[in-house]
Amino acid sequence: MSAQAAAAPPQDRLVTFFHYVIGCTPVLFIGGIIVWVAHLIRTSLRLHDVQSAAIGISLVAIPVFITLMSVLLYVLWGIIRAGREPS
Amino acid sequence: MAEFVMNPADEVLLDPIRKTGAGFWFALAGLLTMVGFGAVAYLTQFVNGLGATGLHEPVSWGFYVTNFVFFIGISHAGTLISAILRLSKAEWRRPVTRMAEVITCMVLLVGGGQILIDLGRPDRLLNVIQYGRYQSPLLWDATSISAYLTASTVYLYLPMIPDIAILRDRTTKYNFLYRVLALGWRGTQKQQKILNRAITIMMVVVIPIAVSVHTVVSFVFSMTLQPMWHSTIFGPYFVVGAIFSGIGALIIAMLIFRKAYKLESYLKPIHFQYLGQLLLVMSLLWFYFTFAEYLTAYYGGEPEEMKVFFSKFTGDFRWEFWSMVGCNFIIPMACLTSLKKNPIPRVLTASIFIVIGMWLERFIIVVPTLSNPRLPFRLGSYMPTWVEWGEFTGSLGVFALFYLLFTKFFPVISIWEIHEGRHEGVEEVMHRVKSYLPDDAEHAPPPQQQPVAIAAKAVVP
């Protein structure tokens, strides 16, 4: 934590903490969906159960979720960091 | 740091957050009653199982799947329409987009919940998470709806950040919430650049996702070999129907909040005229797709398909079918063909009938096919019980309640986009229109006389 942030009032520090939580949400939420899709591929491979469908659908779904996560990380962290720069 | 100077006229957009009138409490009480009725119905079903509903073999899908398709369709009002309007730089979009985007997020939650209700035992959802099979179009649905909900929530939140910062700086109510959600927004050039870039990316990404969602919803039906479901045009047919019902729902929401929050100077008759014209186009498209769908079935003349076909045209489902045609085509045609004078009552009438008609359309797709199965089951009939009506009422209540509560925390019209429209939009549009037009004589580059002269010389013998 920077010296400026440490000197901030407790409520400001709480706000900063929540900003970081929001910044991490895409990784937790969208990352969770990607892990779930990967789990379904693994299950289908393990059980030899329509692997082609699992891989085919996932090839479309996973890049979409990765794109969404990238955009979100870019915009959330970009705004948070730009807001902390001295004016 | 860019200083945001709010136009005093725009203070009215903050009034619903600052003040709470008697109307809000009446609306809240009404909606809570609806939600309570839905909760009682759900508890009854939870305790007694799906036997409390009218669902049975062979009609195992009824109100819940109808509602699922209907609500997911309504969700197309928001993000898709908003993205198209932004992408095409339609200036009249500014007071419309936020309301549309909110509909999407709220209604997707309610639509997804219908499947949970239809499961009967909600714990069975864990099986989908743990052992889901991608062979099933239902799981494709779950994946595409997750993507759409995520994209729509992001697409709603990003343009709200500058407005949340305005609320943070101008209100004392919920200040901590606004400070958190504003993400330290100060309106610096760098922040503006990042936000604009992200909104641009999202509006391109969200359109194919939205189209894919309702196409995938149609796959739940068209991937089967059931009569009148196994159709190649179901994808675009569902998307057209979704946009159609979505615009209808958006117009109703806009008119309710226009009246309740005194937004007449923002939501003008011209907005309803344009949306009414869109509605007219969608009505014609819907009619064409419906005609094409039934024509191909009739032309094929397969006996199993004809049973379903005639059950809709002249049989048990004739009332629902012809009411659907009336609501989705005849009444909109009568209301929307001339919108120059006093468009609001006509557009509202058409929208109400369209929303009812599109619900009937979803019902007409789901139930008659299951009542006339291809396999040698006995014929089925379906009569929803009070439990299904209760859950339908509750679902509508939950949607409206979420929407109402949203308007108590956030402005329902984007303040910064209106501000941008006032200060930059007019000039930008003038510049853009000039750039579309051919150059006039004053600004045109000098005519290329020399090559013409050379060419003239070449033809002279």
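Naming: A, B, ... by sequence-line order, numbering from 1 per chain.
Residue A:V64 touches chain B through its side chain alone, counting heavy-atom pairs closer than 4.5 Å. B:V180 touches chain A through backbone and side chain together, each having a heavy atom under 4.5 Å away. Only the side chain of A:I22 has a heavy atom closer than 4.5 Å to any heavy atom of chain B. If you measure heavy-atom distances from B:I201 to chain A, the contacts under 4.5 Å come from the side chain alone. Neither the backbone nor the side chain of A:L47 comes within contact range of chain B; no heavy atoms are under 4.5 Å apart. Heavy atoms of A:S58 lying under 4.5 Å from chain B belong exclusively to its side chain. A:T43 touches chain B through its side chain: at least one heavy atom from C-beta onward sits under 4.5 Å away, while N, CA, C and O do not.
The distance from the CZ atom of A:F29 to the CG atom of B:L149 is 6.0 Å, given to the nearest 0.5 Å. Separation of atoms CH2 (A:W77) and CD1 (B:I194) is listed at 13.0 Å; rounding is to 0.5 Å. To the nearest 0.5 Å, atoms CZ (A:R84) and CG (B:L183) are separated by 10.5 Å. Between A:H39 atom NE2 and B:I129 atom CD1 the span is 9.5 Å, to the nearest 0.5 Å.
Taking a 6.0 Å sphere around NZ of B:K408, one finds it holds more than 12 heavy atoms contributed by other residues, nucleotides or ligands. In this structure, B:Y174 places its OH atom where more than 12 heavy-atom neighbours from other residues, nucleotides or ligands lie under 6.0 Å away. Heavy atoms of other residues, nucleotides or ligands lying less than 6.0 angstrom from NZ of B:K89 number 12 at most.
Interface remark: of the candidates B:S212, B:A182, B:S146, B:P208, B:S146 forms the most heavy-atom pairs closer than 4.5 Å to chain A. Ranking A:I55, A:I33, A:D49, A:V60 against chain B, the residue ahead of the rest is A:D49, based on heavy-atom pairs under 4.5 Å.
In this structure, A:I41 and B:Y134 have side chains that are not in contact, with every pair of non-hydrogen atoms separated by 4.5 Å or more. B:Y157 has its side chain within reach of A:L76: a pair of non-hydrogen atoms, C-beta onward, lies under 4.5 Å apart. Residues B:F176 and A:L14 are in side-chain contact: their nearest non-hydrogen atoms beyond the backbone lie under 4.5 Å apart. Between A:L68 and B:M202 there is a side-chain heavy-atom pair separated by less than 4.5 Å. A:F18 is not listed as a side-chain neighbour of B:R179, based on a closest heavy-atom distance of 4.5 Å or more.
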Please step through side-chain contact (heavy atoms from CB on, under 4.5 Å) for the pair A:E85 and B:T188, ending with a clear verdict.
CA-CA 10 Å; A:E85 286 171 4; B:T188 63; over 6 Å; no

For A:F65 and B:T143: C-alpha separation, side-chain torsions, deciding distance, then whether side-chain contact (heavy atoms from CB on, under 4.5 Å) applies.
CA-CA 10 Å; A:F65 283 111; B:T143 310; 4.0 Å; yes

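Proximity of a side-chain donor or acceptor of B:R133 to a complementary backbone N or O of A:L40 within less than 3.5 Å is not detected. Judged purely by atom type and a 3.5 angstrom limit, B:Q191 uses its side chain to pair as donor or acceptor with the backbone of A:I79.
B:R186 and A:G83 get closest at one heavy-atom pair: NE-O, 3.1 Å.
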